[in-house]
Amino acid sequence: MKIETKALGAVEIDEKQRVRFPEGLFGFETLQNYALLESAEPPFLWLQSLDQSALAFVVINPFIFRPDFEITADDAEFAAIGIEKAEQALVYSIVTIPEDAAPVTANLQGPLVINRDTREAKQVVLSDPRWSTKHDIVAEMKIREGGSESTTQKGNA
Amino acid sequence: MLILTRKTNEKIMIGERIAVSIVEIKGDQVKIGVEAPKNVKVFRKELFDDIKAENKAAAASRRTTLPKIG
């Protein structure tokens, strides 16, 4: 199917790229249909709304810059989108790219969990104080490359 | 909205499995205890508000070319 996107113009997508959020994202509850698209700048991807072509989120695999990231959300929350085992889950964080020179940040407090098989997804809320809505991706990547273990960031839970 | 008056150590039941207790009252702060089944998520409301605000901020960015990282 052909879709209109915010950043990439008209794009042909595969059924397998579709992602459905039955409850929407927080603040975007009425929009359920998205597609996950590769960007020109990996590891970033686009989560493009299929309901509103002007709406798209940049997302990233959070484990790339925080290998210690973990989701401790309750099993019942995963059951809502049919996830029984961790291997069934794809996890992404929404990235905020400021218009000015401020750091590019990722939201680890409200990650997106996608069921690999059914493509049903959900934004979950983590109350672990290690995770905040604004993790500086480049800075945390550098800390990791520097071999330091002290990557803990003060959250706001 | 149902409004109930409670004293320290008194509880409110929400259904049969969720108990909310007033643990301590000190000035303008109230310490609240929540006993709930594991599948009931309990959060400070600010957490939802923060995530909603961050989603809005992420969606508002007009950048369509992404930065290079790594």
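Here the structure is a predicted model, which is why all the values come from computation and not from measurement. Quick note on labels: first sequence line is chain A, next is B, and so on, each numbered from 1.
- Within the 4.5 Å cutoff, the side chain of Q52(A) has heavy atoms near those of the L31(A) side chain.
- Around atom CD of E12(A), more than 12 heavy atoms belonging to other residues, nucleotides or ligands sit under 6.0 Å away.
- Ion pairing of R130(A) with E70(A) is present here, as a side-chain N (NZ or NE/NH1/NH2) and a carboxylate O approach within less than 4.0 Å.
- No side-chain donor-acceptor contact under 3.5 Å links Q109(A) and D128(A).
- Neither the backbone nor the side chain of P42(A) has a heavy atom closer than 4.5 Å to any heavy atom of chain B.
- Salt-bridge check for K122(A) with E23(A): passed, with a basic side-chain N closer than 4.0 Å to an acidic carboxylate O.
- With contacts defined as side-chain heavy-atom distances shorter than 4.5 Å, the pair V58(A)/S39(A) does not qualify.
- At a 4.5 Å heavy-atom cutoff, I64(A) makes no contact with chain B through either its backbone or its side chain.
- Interface residues of residues 2-11 of chain A toward chain B, defined by a heavy-atom distance below 4.5 Å and sorted by number: K6(A), A7(A).
- Counting heavy atoms from C-beta outward, R66(A) and H135(A) have side chains that approach closer than 4.5 Å.
- Residue contact with chain B, scored on non-hydrogen atoms closer than 4.5 Å, involves the side chain of E29(A) exclusively.
- Contacts of L112(A) with chain B are absent, with no heavy-atom separation under 4.5 Å from either backbone or side chain.
- Only the backbone of V95(A) comes within less than 4.5 Å of a heavy atom of chain B; no side-chain atom from C-beta onward does.
- Heavy atoms closer than 4.5 Å to chain A are found nowhere in A53(B), neither backbone nor side chain.
- Taking each heavy atom of L108(A) and P111(A) in turn, the nearest pair found is O-CD, 3.4 Å.
- Proximity to chain B (any heavy atom under 4.5 Å) is shown, for I97(A), by both the backbone and the side chain.
- Contact annotation for L25(A): both backbone and side-chain heavy atoms come within less than 4.5 Å of a heavy atom of chain B.
- Ranked by heavy-atom pairs under 4.5 Å with chain B, the first of F57(A), F28(A), F26(A) is F26(A).
- For the set L47(A), T105(A), N107(A), T96(A), the entry with the most heavy-atom pairs within less than 4.5 Å of chain B is T96(A).
- Taking every heavy atom of both residues into account, V91(A) and P62(A) meet most closely at O-CD, 3.4 Å.
- Residues G27(A) and K56(B) come closest through the heavy atom pair O-NZ, 3.1 Å.
- Between F69(A) and L126(A) there is a side-chain heavy-atom pair separated by less than 4.5 Å.
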